[in-house]
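Just so it is clear, the model here is predicted, and its values are computed rather than measured.
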Amino acid sequence: MTRIPKTMKGILLTGHGGPEMLQYRDDIAVPIPTSNQVLISVSAAGVNNTDINTRAAWYSKGDGSSSDASWSGNALVFPLIQGADVCGTIVSVGDDVAIERIGQRVIIEPCINQVNGQPLKSPWYFGSECDGGFAQYTVVDAKHAYAVNSEFSDIELASFPCSYSTAENMLTRANVTSQDRVLISGASGGVGSAAVQLAKARGAYVIAITSPSKNQQLLELGADQVVSRDADLVDALAENSIDVVIDLVAGKQWPQFLQLLRLGGRYAVSGAIGGALVELDIRSLYLKDLSFFGCTVLEPEVFQNLVNCIEQSKIKPIVAQTFPLEAINIAQEVFLEKKHVGKIVLSLPES
């Protein structure tokens, strides 16, 4: 039986602001699993845009009071333990959870729709509306902890949950098939590089938008073609040549995506790192019979599909760099430089 301490090391987000709002502590109370929950000893946790956006109140669309500055549009409760990408081992279970689950290596589904066995009116994001994985232990309802049978390391498995489920959800919503030509923006990032692999797993022809220095890495991941992010996309690819756009960037190039899409084309978005406000000629939307998909909440089948892809070796982890948990500020600085391909992952201290 694993001995579970009363306190743990972790990172507390104490409020909205800069990196100074993140505090490394060694006296945080270890959570106790309640009904339908499991306690997980966290071994690795990935870094995401959402962590930084949440800290900086980027999600707020209101009066600057931060009353809506979370993934769900509600005020956050501080202090908060962030961290949506988690790999670890179940060490304890609450009521109504089979004791046989103790000892399973798991990854956590980051889109939470149930707490203590009760459905939520609107989904939570792990590490935003509830405490996440930037600590030695975390709790989540058992249904969101997926056992994984894989030879990948814990660090490698922690690169999958958020980015790959986001990418798979976008492909699912846009119904990508082997008949499609798919254009992926921000293709060198965590979600983008995941989308390249997952779209190829579906048999699609994949075109990746990235900086020229990363061309070879994207081709090795399976991209059939790469285009510079500074290129005129219409000149490079031709108008009406794309079936599906998987967009993580938005920004100034956005109107070109609609020019590229064929009649009946599909556009899926789950990020706006290039700028959240874009200009839409509404005529392009209705005259070309385009379908738009805003993708946040995971479709029910998405996370199990992802686990299946991992276990069947249809995709591979891309870990750009690893940092110890206490170096989270450095890890986020490197993340924001956007010079890497794949994921940056934090390793947790042994409990």
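Closest heavy-atom contact between Asp224 and Ala204: OD2-O, 3.8 Å. Shown here for Asn116 and Asn36, the closest heavy-atom pair between the two residues is O-ND2, 3.6 Å. Ala238 and Leu260 make their closest contact through O-CD2, 3.4 Å (heavy atoms, listed as atom of the first residue, atom of the second, distance). When every heavy atom of Ile246 is checked against every heavy atom of Ala195, the shortest pair comes out as CG2-CB, 4.3 Å. Counting all heavy atoms, side chain and backbone alike, Gln253 lies closest to Arg229 at NE2-O, 3.0 Å. When all heavy atoms of Ser193 and Leu221 are compared, the pair lying nearest together is CB-CD1, 3.7 Å.
Other residues, nucleotides and ligands contribute over 12 non-hydrogen atoms within 6.0 Å of the CD1 atom of Ile4. Atom CD of Glu220 has more than 12 heavy atoms from other residues, nucleotides or ligands within 6.0 Å. Atom CG of Leu280 is surrounded by more than 12 heavy atoms from other residues, nucleotides or ligands within 6.0 Å. Heavy atoms from other residues, nucleotides or ligands lying under 6.0 Å from NZ of Lys338 number more than 12. For CD of Glu279, the number of neighbouring non-hydrogen atoms (other residues, nucleotides, ligands) closer than 6.0 Å is 12 at most. The 12-atom threshold is exceeded at CG of Leu287, counting heavy atoms of other residues, nucleotides or ligands nearer than 6.0 Å. More than 12 heavy atoms of other residues, nucleotides or ligands lie within 6.0 Å of CD in Gln312, so this atom counts as buried by the packing criterion.
With hydrogens and angles disregarded, no donor-acceptor distance shorter than 3.5 Å links the side chain of Gln179 to the backbone of Thr177. Within the 3.5 Å criterion, the main-chain N or O of Gly132 finds a donor-acceptor partner in the side chain of Thr138. A donor-acceptor distance shorter than 3.5 angstrom exists from the side chain of Arg181 to the backbone of Ser241, with no hydrogens or angles considered. Judged by distance alone, with hydrogens and angles left aside, the side-chain atoms of Gln37 form no donor-acceptor pair with the main-chain N or O of Gly94 at under 3.5 Å. Side-chain N or O atoms of Gln136 include none that pairs as donor or acceptor with a backbone N or O of Leu348 at under 3.5 Å. Between the side chain of Ser159 and the main chain of Val319, no donor-acceptor pair closer than 3.5 Å is present. Without hydrogens or angle criteria, Arg55 side chain to His16 main chain gives no donor-acceptor distance under 3.5 Å. Using a distance-only test at 3.5 Å, with no hydrogens or angles considered, a donor-acceptor pair links the side chain of Asp247 to the main chain of Ala250. In this structure, the side chain of Arg101 engages the main chain of Ala145 through a donor-acceptor pair within 3.5 Å. Between the Thr14 side chain and the Met21 main chain, a donor and an acceptor come within less than 3.5 Å of each other.
Taking CD from Glu299 and OG from Ser165, the interatomic distance works out to 12.0 Å, rounded to the nearest 0.5 Å. How far CG of Leu290 is from CG of Leu261: 5.5 Å, rounded to the nearest 0.5 Å. Interatomic distance, CD1 of Ile112 versus OG of Ser122, reported as 12.5 Å (0.5 Å rounding). Atoms CG and CD, on Asn169 and Glu301 in that order, are 8.0 Å from each other to the nearest 0.5 Å. Between the CG atom of Leu80 and the CD1 atom of Ile11 there is a distance of 12.0 Å, given to the nearest 0.5 Å. To the nearest 0.5 Å, the span separating CG on Asp131 from OH on Tyr137 amounts to 16.0 Å.
Using a cut-off of 4.0 Å between Lys/Arg side-chain N and Asp/Glu carboxylate O, Asp180 and Arg202 are scored as not salt-bridged. A salt bridge links Asp281 with Arg283; the closest basic N to acidic carboxylate O contact falls under 4.0 Å. Residues Arg262 and Asp243 are paired through a salt bridge, judged by an N-O separation under 4.0 Å between the basic side chain and the carboxylate.
Under the 4.5 Å side-chain heavy-atom criterion for grouping Ile, Leu, Val, Met, Phe, Trp and Tyr, Val191 is connected to Ile310 within one hydrophobic cluster. Both Phe126 and Leu13 sit in one connected hydrophobic cluster of ILVMFWY residues. Membership requires side-chain heavy atoms under 4.5 Å apart, directly or through other members. There is a path of hydrophobic side-chain contacts, each under 4.5 Å, that joins Val140 to Leu346. A chain of hydrophobic side-chain contacts below 4.5 Å, direct or via other Ile, Leu, Val, Met, Phe, Trp or Tyr residues, connects Ile242 to Leu285. Linking ILVMFWY residues whenever their side-chain heavy atoms come closer than 4.5 Å, directly or via other members, leaves Ile209 and Val341 in distinct clusters.
No side-chain heavy atom of Ser43 sits less than 4.5 Å from a side-chain heavy atom of Thr89. Residues Ile102 and Val93 meet the side-chain proximity criterion, which asks for heavy atoms closer than 4.5 Å. Taking 4.5 Å as the limit, some side-chain heavy atom of Tyr205 sits within range of a side-chain heavy atom of Gln225. A 4.5 Å side-chain heavy-atom check between Leu298 and Asn113 finds every atom pair outside the cut-off. In this structure, Glu129 and Leu120 have side chains that are not in contact, with every pair of non-hydrogen atoms separated by 4.5 Å or more. Counting heavy atoms from C-beta outward, Gln197 and Ile318 have side chains that approach closer than 4.5 Å. Side-chain contact between Leu183 and Gln256: absent, with no pair of heavy atoms (C-beta onward) separated by less than 4.5 Å. Proximity of Pro161 to Ile108: side-chain heavy atoms (C-beta onward) are nowhere separated by under 4.5 Å.
If you check the side chains of Thr7 and Asp27, you find no donor sitting under 3.5 Å from an acceptor. Residues Asn308 and Gln304 have side chains that bring a donor and an acceptor to within less than 3.5 angstrom of each other. Side-chain polar atoms of Tyr59 and Thr50 form a donor-acceptor pair below 3.5 angstrom.
Between Phe152 and Phe160, the ring planes are tilted. Angles from 30° to 60° get that label. In this pair, Tyr267 and Trp254 present their aromatic rings perpendicular. The plane angle is above 60°, beyond the 30 to 60° band.
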### Task
Any chance you could lay out the side-chain contact (heavy atoms from CB on, under 4.5 Å) test for Glu168 and Phe303, step after step, and finish with the verdict?
CA-CA 8 Å; Glu168 177 65 14; Phe303 208 77; over 6 Å; no
### Task
May I have the step-by-step check of side-chain contact (heavy atoms from CB on, under 4.5 Å) for Lys9 and Tyr24, ending in yes or no?
CA-CA 7 Å; Lys9 298 171 183 175; Tyr24 182 74; 3.4 Å; yes
### Message
Using side-chain contact (heavy atoms from CB on, under 4.5 Å), reason through Val38 and Gln104 one step at a time and then give a plain yes or no.
### Response
CA-CA 11 Å; Val38 294; Gln104 287 183 348; over 6 Å; no
### Message
Run Asp51 and Phe134 through side-chain contact (heavy atoms from CB on, under 4.5 Å) and show every step you take.
### Response
CA-CA 10 Å; Asp51 307 324; Phe134 289 162; 3.6 Å; yes
### Query
Is there a side-chain hydrogen bond (donor to acceptor under 3.5 Å, both in side chains) between Ser35 and Asp95 once you walk through the steps?
CA-CA 5 Å; Ser35 176; Asp95 294 340; 5.8 Å; no
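Taking the ring centre of Tyr286 as origin, the terminal cationic atom of Lys288 falls outside the region bounded by 6.0 Å and 45° from the ring axis.
Evaluated for a side-chain hydrogen bond (donor to acceptor under 3.5 Å, both in side chains) with Asn48, the options Asp85, Thr54, Asn53 yield exactly one hit, Asp85.
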